[in-house]
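Note that the structure is predicted; figures quoted are calculated from it, not measured. To find a chain, count down the sequence lines: A is the first, B the second, and so on, and within it residues start at 1.
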Amino acid sequence: MKYNEYKDLNYAQLEADILEFWEENQIFEKSISSREGKKTFTFYEGPPSANGMPGIHHVMARTIKDIFCRYKTLKGFQVKRKAGWDTHGLPVELKVEQQLGITKDDIGKKISVEDYNKECRKTVMQFTDIWSKLTQKMGYWVDMGNPYITYHNDYIETVWYLLKKLHEKDWLYKGYTIQPFSPKAGTGLSSHELNMPGAYKDVTDTSIVAQFKVKRSERSEFLFENNDEDVRILAWTTTPWTLPSNCALAVGEKITYVKVKTFNAYTHQPISVILAKDLISKHFSDKAKDLKLEDYKKEDKLIPFEVVQEFKGSDITEVRYEQLMPYVTNEELEKNAFRVIPGDFVTTADGTGVVHTASVFGADDYRVAQQNNVPPVLVKDEEGNNVPLVDRQGKFVKEVTDFAGLYVKAEYEENPEAVPEYKSTDVLISIKLKTDNKAFKVEKYKHSYPHCWRTDKPILYYPLDSWFIRTTAAKDKLVQLNHTINWKPESTGTGRFGNWLENLVDWNLSRQRYWGIPLPIWRTEDGKEEECIGSVYELYEAVEKSIKAGLMQENPVGEFENIKEVKTDDDGSTLLSADVISAYFKRKNFDLHRPYVDDIVLVSPNGKPMYREQDLIDVWFDSGAMPYAQLHYPFQNKDMIDERDEFPADFISEGVDQTRGWFFTLHAIAGMLFDSVAFKNVVSTGLVLDAEGRKMSKRLGNAVDPFETMDAHGADTTRWYMISNANPWDNLKFDIEGVKEVSRRFFGTLKNTYSFFATYANLDEFDYSQTEVPVAQRPEIDRWILSKLNTLIKQVDGFYDDFEPTKAARAIQTFTMDDLSNWYVRLNRNRFWKTKLNDDKVAAYQTLYTCLETILKLASPVMPFMSEALFLDLNKVSGRDQSESIHLTTFPEVNEDIIDTDLERRMTLAQKLSSLTHSLRKTAKGNKGIRVRQPLQKIIVPAVDATTQSQIEAVKDLILAETNIKDIEFIGDNSDIVVKSIKPNFKVLGKKYGKDMKKVQGIVNAFNKDEIATIDSTGTLSKDGFDFVAEDVVIVSEVKEGHSVASDPDEALTVILDETITEDLRKEGIARDFVNRVQNLRKDAGMEVTDKIGIVFNSTDELVKDALKTHHDYISTETQALSLADQANIEGGETLEIEEFTLTVKIEVLANVENN
RNA sequence: GAGCUUGUAGCUCAGUUGGUUAGAGCGCUACACUGAUAAUGUAGAGGUCCGCGGUUCAAAUCCGCGCAGGCUCACCA
């Protein structure tokens, strides 16, 4: 059997073949089943949301996941990895609405909730195909056959169970807050969603400095000079649409305010305005400061102003003003609103130092209004509920007559361009205020404003009823548990995540949507009684009670059959036996989604009807519940969690953007309910940017299609590039050129090395059936590469274990390219050409085979395809490993006995000396250089210690062969061409002398020849009051000027080249050149390596003739020539030039060994 | 505005507990080598280690203040 030889390697094709092989032979399944009963390594897959196309960054994230799962499998662990789909939530709903051409308003009108959710369910999985393809193509092993799906009833049941646990601890409560609300999406947004990258955007809004007219009263009297004075308080806002809802003005009690006499820029009326002293310059031009009020004409651009009064904020609190936009008012408002109140958050960084307060549209506003007993501006809707002046679509209600039905932000308009002379509400309000003498200044203002991550539209702060998880109650525990997690990189855990935990706020769980997990809480209308349902069976029983009470006719939850006993677990939850549960869920006869659960009315302990709270829960809770819900805990697989088999995870990995997302929700639920971390190790990956470092986005058109990339260059090379280029937690500037480079350099080298092996092993029919040549009996260079190999195993194992894939990949790459290919193989080529398969050749094959096989195993977590292909190729012939696949093997074990640091140093010396010699050849003969084919007599290595000398002696042959030199001569450091210089060893002396270092440095540098000799030989010397010992100084031997030398500073190695070319050397050089030319002729003629040839030549030069005659045997062997003859007239010969000589040569094939 | 993070050659990145000539690969230039050949070797050019200050005998490395990029947070009027 032959080793597979690759001519043109097509990575994509190779990968497709391997995928087929995995598929057919169920290799992934076996990688788990073959580890049955072994220690488990638990991995959680963060569920991708099944509603978008995968991008190249998913390849990154999944490569990391895959690497460690594969690594741990090789290390003998059983690594189950269940895929999952995040199926609920807004993205899906928006997609459906887009597909059906409806908006949220239409739900329940044009389309029933039932049909709507059916659509969602259908849509949700429409991307799974493409995701499965990506998963497969990139070689990510995860169990796609049996994924957890968040909309399944069993998943929901576990979530309900968890919510009930929180409810029991009083960690689930209903509250009223001002929250970010997305009118376009029709839902409140959690802080997580506001944290989505790009949520905060710089936008330019119309900002208005409004004039609030002060009412005269005892409190405000001091502000008025006379009866006619028009005194206005200036307040700035970037949200003009909140002005009709203004209910108060907040000032800083300690801030200094001033009254300024001036004119209104739009109406030109004289006014007096109040603002913070610090901000005068922002609103009045410095150039106008000398203008007189009485000179003002309305055409003037510069408006004069005069500061006439100064006072503290506390002096004007409780001052009342006229409602700015009096659309809605009532007795309560007239009594308690429209006054100046103190606000601790007021600053003079911006605006006027007076904050316009609309309590229903700002969290701070709400708080400060409450504290000061300022009522909100509200109206009654059709059902008689109090609602704000802006409805949930973001439109003004009818009471705001001038703007009724208008969107408060232009961005909500479907198609504003279509409206002739469209003006945004902001602008309309500005115009109105200007006309009414209520606007002091209107201008565009650029600031950062939060946007809805899905609709891309600005959010509003809006009053909403919500359910919260009291995460603040568990803050200390969560912080504490976080310290036990191994974060990669550490700073994400301690810094980013740690700070987030320190500043934790309660988790807003409510979503006003349709497609998601319903909050399992039923309440009486007065809100005094409520029940949280923790399982389907509990719901079933509750409905039964309700039927008895006459509130329900029948039980939609379905039947539970064969209930023998109902257990109650420690905290009161009812648990049925697993078979009852599984029988029930197999039937799937009731859907726990809306609208079905909404139809259920339960009965309260006091006999009142209880209705379900309408909210759905935050989808982040879905995914945070994944460790338990994927197992349908505790209804099934209870032990897996309780006995800590599949919990917590040993390892998870997601993008750093999940810090406040999945990482947090996992952590919060595990900490609050299971008193445990949810994961022990976490790798948070950075962003994948484009080659210029910009974020990839569809809009910019710079998104990289993972399929295209992998089709063109292969998944392995893409994976390797991503891992080896930079640490996964650093942002990756994805450059396709980098992928190509990896492909060309590393993969090319690996392939070449394999091909080299395969070519010759096939010729020799080497199948590793020969007895293993003991390592100790192999040549020095074999033992060297094996030593390096074992060092590599140790390193790589450590790197993987530390979750440092980049270091692992780089180490493998360096070994493969530098040590194995460019040194071992290059230096040993002739061992493989030898005709006979003797011990030495077998050792060479075995060594190279071992290296290849080991590299493949080490690299297989990162490059699963290529490693598999080459492993199978090797193993198919040798049958050395019983494993069916490289991914079913075990990780190479380091053999410490083979690691020989002394040998590694010897080889380093050989490499350095060779390199130095090459560089000397280059500059020899006055920079003309002496080509390597020209043999030279010797190199001289001066002044090395005895150990180094003996080490060099040991690798002498290698150096000589590599550099085409005949001999190495060592000369002692007492030779007269060597001079010694000395310099201080800063590290040692610095510790000893500290401040005196400068002085000591001077003394050491001033050592004369004798002093250097003394400390070199005796090891001690005293000078200028300092005692030096050998380790205090570094003595370097250098060659005197006038010699051509090269030296290596690290090793204190110096080489001198003997440039003399004797006639013998000259002839030998000619012979080697001749061989080279003949080889080229062979190649040009397309001859096989095994062809035997005859050579005839003709030269007029005696030296050439002589050279070829002298080296007849050498030439014959090298060129596989059976004859080499001097012949006068050669027909059809080639003219060759060697140095200054010309000769004619002709070669012909005489025989082919293989054909004989 | 705050937290975290990054800043080293044209590009992508190393650089250990601070130690005196700051490295690699790619790219570029030149030369060489050539039965692994779309490979390889040698050399060259290329650096304000983001800036400024400080600590220290000694700073790419430690500290402070800035600048620039990235991510995240923030009720910001």
Residue that, paired with A:Trp720, satisfies side chain to side chain contact (heavy atoms under 4.5 Å, CB included) out of A:Val739, A:Ile812, A:Asn725 | A:Ile812

Describe the nucleic acid contact of A:Gly362 in one word from base, sugar-phosphate, nothing, applying a heavy-atom distance below 4.0 Å.
-> nothing

Any idea which of B:G25, B:A14, B:A36 is nearest the A:Thr753 side chain?
-> B:A36

Are any side-chain N or O atoms of A:Asn762 and backbone N or O atoms of A:Tyr3, one a donor and one an acceptor, separated by less than 3.5 Å?
-> yes

Map A:Thr239 and A:Leu732 onto RNA chain B by nearest heavy atom, then report which one ends up closer to the 5' terminus.
-> A:Leu732

What integer number of Å spans the C1' atoms of B:G46 and B:G51?
-> 22 Å

So, A:Tyr824 versus A:Asp819: side-chain donor-acceptor pair below 3.5 Å or not?
-> no

Between A:Phe734 (CZ) and B:U12 (C1'), how many Å, whole number?
-> 14 Å

Please state the C1' separation for the pair B:A36 and B:U29 - nearest whole angstrom.
-> 27 Å

Any A:Asn725 side-chain N or O less than 4.0 Å from OP1/OP2 of B:G25 | no

Quick one: salt bridge (charged side-chain N to carboxylate O under 4.0 Å, His left out) partners of A:Asp205, sequence neighbours excluded?
-> A:Lys409

Backbone of A:Thr239 reached by a side-chain donor or acceptor of A:Asp426 within 3.5 Å | no

Check whether any side-chain N or O of A:Lys733 sits under 4.0 Å from OP1 or OP2 of B:U12, and answer yes or no.
-> yes

Looking across every strand, which nucleic acid part, if any, lies under 4.0 Å from A:Ser821 by heavy atom: base, sugar-phosphate, or nothing?
-> base

Name the nucleic acid region contacted by A:Asp205, choosing base, sugar-phosphate or nothing; use a 4.0 angstrom heavy-atom cut-off, strictly under.
-> nothing

Distance between P atoms of B:A14 and B:G7 (Å, rounded) | 8 Å

Determine: side-chain N/O of A:Tyr754 to OP1/OP2 of B:A36, distance under 4.0 Å, yes or no.
-> no

Report the residue from A:Phe497, A:Trp500, A:Trp620, A:Trp487 that forms a ring-ring contact (aromatic ring centres under 6.0 Å, His included) with A:Phe663.
-> A:Trp487

Between N or O atoms, less than 3.5 Å apart, protein on one side and nucleotides 68-70 of chain B on the other: list the pairs.
{"residue": "B:G70", "atom": "O2'", "partner": "A:Asn731", "partner atom": "ND2", "Å": "2.8"}

State plainly whether the residues A:Arg744 and A:Glu741 are in salt-bridge range, i.e. N to O under 4.0 Å.
-> no

When the P atoms of B:C4 and B:C63 are considered, how many whole Å apart are they?
-> 12 Å

Using the C1' atom on both, measure B:G47 against B:C13 and round to a whole Å.
-> 15 Å

Check: protein-nucleotides 40-47 of chain B nitrogen or oxygen pairs below 3.5 Å:
{"residue": "B:G41", "atom": "OP1", "partner": "A:Asn822", "partner atom": "ND2", "Å": "3.4"}

Select base, sugar-phosphate, or nothing to describe what A:Ser755 touches, counting heavy atoms under 4.0 Å on all strands.
-> nothing

Integer angstrom distance from the P of B:U6 to that of B:A22 | 24 Å

Starting at the 5' end of RNA chain B, which residue's closest nucleotide do you reach first, A:Arg1072 or A:Lys807?
-> A:Lys807

For atom P, what is the distance between B:U61 and B:U55, given to the nearest Å?
-> 15 Å

Does A:Tyr461 have a side-chain nitrogen or oxygen under 4.0 Å from the phosphate oxygens OP1 or OP2 of B:C76?
-> yes

May I ask which nucleotide in the shown strands pairs with B:A39, Watson-Crick or G-U wobble, both distances under 3.5 Å?
-> none

